[in-house]
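Everything on this sheet refers to the single structure shown next.
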Amino acid sequence: MSEPAARRPRRTARREAGPAAPAPEPQQEPVPTPVAAEPAEPTVERETETVATESAPVTETAAPEARGQRSRRGGRGRQSGRGRGEQARSAPAVTPEAAAQDRLSLPPKLPKQGLRVFALGGIGEIGRNMTVFEYGGKLLIVDCGVLFPEDQQPGVDLILPDFRPIEDRIDDVAAVVLTHGHEDHIGAVPFLLRLRPDIPVVGSKFTLALVAAKCREHRLHPRLLEVTEGERTEHGPFECEYFAVNHSIPDALAVAIRTPAGTVLHTGDIKLDQLPLDGRLTDLAGFSRLGDEGVDLFLVDSTNAEVPGFVTPEREIGGVLDTVIGKARNRVIVASFASHVHRIQQVVDVAQKYGRRVCFVGRSMVRNMQIAQDLGYLSVPDGIVVDLDQAATLPGDKLVLISTGSQGEPLSALSRMARGEHRQIHIRADDLVVLASSLIPGNENSVFTVVNGLARLGATVITQQNAKVHVSGHASAGELLYLYNAVRPTNAMPVHGEWRHLRANAALAVATGVPEERVVLAEDGVVVDLVDGIASIVGRVPVGHVYVDGLSVGDVGESTLSDRLVLGEGGFIAITVAVDETTGKAVSPPEVSGRGFSDDPTALAEAAELVEAELLRLAGEGVTDTHRIAQAVRRIVGRWVADTYRRRPMIVPTVIGV
């Protein structure tokens with residue numbers, strides 16, 4: 001009998017490793033001991049509504065030095081410039097790696113046999129994932145997602161990746177490969193296709209069905225290429241092979257990208273559920289085979305790298321839902337991500353067991369579940385699903401509502417229920433509401449507002465904090481160690497996470513034998529070249545955030561958001577003055593009014609007197625320039641507001657020469 005084939009050892013670089021360019025080193029301490037139990041899910045399904053707004057005039061505030069310090073995620077709109085220096089940090093302390101990357105210049109020309117990798121979103125943040133690969137003058141894009149705004153971005157609907165680095169080369173894009181159908185991986189595809197509608201979009205059946213539905217809303221007709229695990233496709237110089245992976249959505253894929261410069265494996269979002277509801281395991285055997293061939297660069301999901309151990313199997317949620325819904329004596333409302341087909345399948349199964357009908361609530365929930373049923377990913381017995389009109393006629397103990405809004409999105413169905421604003425569903429004192437999702441960082445206030453609103457109306461609310469009604473869709477530290485040991489890469493590049501997640505993932509790579517100098521931490525815009533088997537940082541391209549506000553894309557920038565925050569926090573004071581163009585004297589008393597400043601109608605009376613006195617002083621000095629008069633009026637009112645109220649409203653003086 002022949003000897004079994006020996007496993008291929010970890011691949012080494014094909015040339016002597018000199019200095020690893022300015023690549024930042026990962027943390028050198030052992031694998032950190034995390035404290036979190038279950039992490040937050042990074043994907044949010046939202047229902048948004050566009051609101052038309054009027055453009056405001058150029059204004060000044062009482063404290064202009066505060067501008068640019070408000071937003072946790074900076075960046076400027078497309079028309080106002082978006083350099084890296086414009087992206088505000090989420091914390092004042094900057095790591096040495098981040099500081100070094102901020103000093104990088106534009107990258108040099110890509111070597112002839114080199115592979116270039118850079119992210120336009122998704123590294124250093126959770127959301128808007130988009131990674132670009134370049135070889136031989138052609139580009140391959142993996143994922144193209146959106147990020148949802150925080151409280152510090154008022155009025156913004158979506159945040160897109162910054163397409164600037166590839167806009168002038170859009171004809172060089174060979175394809176867009178999508179790992180799965182979550183919004184933070186596909187949400188920006190229609191905006192990219194506006195630049196070039198015929199870019200091939202590659203993905204699994206369920207992913208492409210969601211993309212097609214999204215593109216129909218944008219009146220686009222994309223070129224879709226469906227693939228399954230085990231298949232290979234070629235796009236210019238890129239050969240792609242696809243592997244099945246577990247995640248919190250059906251049909252997720254990892255992609256191996258082969259070029260003459262080397263082989264890259266991109267996991268997408270991944271976990272190692274050993275008892276998946278659909279029987280579709282993450283293809284560790286395929287990863288190991290690829291590792292035997294040699295993986296030059298491994299891009300790995302970092303979202304749960306700080307969390308020890310292994311993620312609880314999704315299957316275990318079914319028993320908890322059975323207990324919770326089985327004990328309910330009246331109506332049950334389950335809030336979940338609108339794409340979490342496996343979670344919703346378990347809710348449907350439990351509802352059927354206890355003789356309850358199911359009603360899907362929320363535009364994205366209805367759309368996605370219909371797609372899932374049509375494609376066979378969601379099994380729903382005949383007659384169990386009812387619409388809202390039918391649901392209104394059923395007794396409470398015969399109904400389960402499955403709704404959007406698990407993250408407290410203001411326009412979602414659950415949020416409108418909590419505020420008593422839903423047209424067809426009114427919360428009753430005997431309702432049971434289950435939030436079958438995690439609490440995403442940044443959404444805490446919104447979620448607790450919804451929970452409190454539901455509780456105020458008398459509903460009983462169950463969350464992940466008091467029952468095991470959610471498990472994560474991302475691999476924890478123990479699972480990531482399995483991935484590294486199966487793939488045995490030459491170089492590793494943590495992706496999909498904030499800096500703390502990236503550093504924790506880097507430590508795991510080092511712990512499994514990847515040399516520290518071969519672990520690359522590269523945030524959005526940082527360019528990594530793979531040359532002769534060695535990955536190193538060579539520069540950076542300018543990237544920022546592109547804001548979608550209503551129908552406008554890129555017109556809102558950091559200065560506009562700062563003005564909106566000032567208006568929301570301090571209100572607005574308008575000063576209108578008419579002066580003689582020749583003498584500079586006021587021809588009528590100044591008008592001082594405020595909005596959002598005070599309910600007291602006399603609050604600004606003293607300010608009007610100060611403005612009148614200032615106008616007399618300026619006229620006495622012979623000042624006739626309306627701009628100088630406006631500046632002086634703004635300063636005097638700004639000082640008075642600061643001294644009297646300790647506030648920083650927006651102050652807009654208008655001086656009219658007559």
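Val347 places a side-chain heavy atom less than 4.5 Å from the side chain of Leu321. Asp184 places none of its side-chain heavy atoms less than 4.5 Å from the side chain of Leu147. Contact annotation: the side chain of Val173 approaches that of Ile170 to within less than 4.5 Å [non-hydrogen atoms, C-beta and beyond]. The closest side-chain heavy-atom distance from Leu220 to Lys214 is not below 4.5 Å. Side-chain contact between Ile141 and Ile199: absent, with no pair of heavy atoms (C-beta onward) separated by less than 4.5 Å. Residues Leu210 and Ile249 form a side-chain contact, since some pair of their non-hydrogen atoms from C-beta on lies under 4.5 Å apart. Between His247 and Lys271, the closest side-chain pair of non-hydrogen atoms is not below 4.5 Å. In this structure, Asn491 and Val519 have side chains that are not in contact, with every pair of non-hydrogen atoms separated by 4.5 Å or more.
Residue His501 is tested with Asp301, Ile126, Val495 for a side chain to side chain contact (heavy atoms under 4.5 Å, CB included); the sole match is Ile126.
In this structure Asp529 satisfies the salt bridge (Lys or Arg N to Asp or Glu O under 4.0 Å) test together with Arg116, sequence neighbours excluded. For Phe298, the ring pair (Phe, Tyr, Trp, His ring centres under 6.0 Å) criterion is met by Tyr484, not counting sequence neighbours.
Aromatic ring pairs are classed by plane angle as parallel below 30°, tilted from 30° to 60° and perpendicular above 60°; the pair His266 and His496 is tilted.
Taking 4.0 Å as the cut-off between side-chain N and carboxylate O, Asp198 and Arg196 count as a salt-bridged pair. Of the charged side-chain nitrogens involved, at least one lies within less than 4.0 Å of a carboxylate oxygen, so that Glu239 and Arg232 count as a salt-bridged pair. Using a cutoff of 4.0 Å between basic side-chain nitrogens and carboxylate oxygens, Arg540 and Asp524 are not scored as salt-bridged. For the pair Arg258 and Glu293, the salt-bridge criterion is met [side-chain N within less than 4.0 Å of a carboxylate O]. Under a 4.0 Å N-O distance rule, the pair Arg289/Glu241 qualifies as a salt bridge. Between Asp162 and Arg164, at least one side-chain N (NZ, or NE/NH1/NH2) sits under 4.0 Å from a carboxylate O, which counts as a salt bridge.
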Exercise. Mind running side chain to side chain contact (heavy atoms under 4.5 Å, CB included) on Phe287 and Ile270 for me, showing each step along the way?
Key: CA-CA 13 Å; Phe287 285 0; Ile270 189 173; 3.8 Å; yes
Practice problem: Go through the steps for His182 and Asp269 under the test side chain to side chain donor-acceptor pair (under 3.5 Å), then give the verdict. | Solution: CA-CA 10 Å; His182 278 147; Asp269 288 355; 4.7 Å; no
Practice problem: Run the numbers on Leu480 and Asn505 for side chain to side chain contact (heavy atoms under 4.5 Å, CB included), then give the verdict. | Solution: CA-CA 8 Å; Leu480 293 175; Asn505 199 350; 4.1 Å; yes
Quiz item: Please walk me through it: do Asp143 and Thr179 pass side chain to side chain donor-acceptor pair (under 3.5 Å)?
Solution: CA-CA 6 Å; Asp143 291 328; Thr179 59; 2.9 Å; yes
Exercise. Applying side chain to side chain contact (heavy atoms under 4.5 Å, CB included), run through Val264 and Leu115 and close with a yes or a no.
Key: CA-CA 10 Å; Val264 178; Leu115 174 67; 3.4 Å; yes
Quiz item: Please walk me through it: do Thr207 and Ile186 pass side chain to side chain contact (heavy atoms under 4.5 Å, CB included)?
Solution: CA-CA 8 Å; Thr207 301; Ile186 69 169; 4.1 Å; yes
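From Glu229, atom CD reaches atom OG1 of Thr282 across 10.5 Å, with rounding to the nearest 0.5 Å. Rounding to the nearest 0.5 angstrom, the gap separating the CD atom in Gln370 from the CG atom in Leu375 is 10.0 Å. Taking OG1 of Thr233 as the reference point, atom NE2 of His235 lies at 3.0 Å (rounded to 0.5 Å). To the nearest 0.5 Å, the span separating CZ on Phe238 from CG on Leu139 amounts to 6.5 Å. The distance from atom CG of Leu178 to atom SG of Cys144, rounded to the nearest 0.5 Å, is 8.0 Å. Atoms CE and OG, from Met365 and Ser336 in turn, are 5.5 Å apart once rounded to the nearest 0.5 Å.
Donor-acceptor pairing under 3.5 Å is lacking for the side chains of Arg315 and His342. For the residue pair Tyr377/Asp251, the side-chain donor-acceptor check at 3.5 Å is satisfied. Checked by atom type, the side-chain pair Ser204/Tyr242 shows no donor-acceptor distance below 3.5 Å.
Glu479 and Leu272 make their closest contact through OE1-N, 2.6 Å (heavy atoms, listed as atom of the first residue, atom of the second, distance). Taking every heavy atom of both residues into account, Ala254 and Val245 meet most closely at CB-CG1, 3.7 Å. What you find for Val471 and Glu314 is that their closest heavy atoms are CG2-OE1, 3.3 Å. Nearest heavy atom pair, residue Leu521 against residue Pro494, reads CD2-CG, 3.8 Å. Of all non-hydrogen atoms in Ala188 and Pro161, the two that sit nearest each other are CB-CD, 3.7 Å. Nearest heavy-atom pair across Leu106 and Pro542 is CD2-CD, 3.9 Å.
A donor-acceptor pair is defined here as one N or O able to donate and one able to accept, closer than 3.5 Å; no such pair exists between the side chain of Asp296 and the backbone of Ala261. Checking side-chain atoms of Arg128 against main-chain N and O of Leu160 turns up a donor-acceptor pair under 3.5 Å. Judged by distance alone, the side chain of Arg518 and the main-chain N or O of Ala492 form no donor-acceptor pair under 3.5 Å. Using modelled atom types, no side-chain atom of Arg194 and backbone atom of Val189 make a donor-acceptor pair closer than 3.5 Å. Looking only at distances, no side-chain donor or acceptor of Glu316 sits under 3.5 Å from a matching main-chain atom of Pro313. Listed for the Asn304 side chain is no donor-acceptor partner under 3.5 Å among the backbone atoms of Val307.
Here ring-ring contact (aromatic ring centres under 6.0 Å, His included) pairs that include residues 102-143, with residues two or more places apart or in two chains, number zero.
The number of heavy atoms from other shown groups lying within 6.0 Å of NE2 (His221) does not exceed 12.
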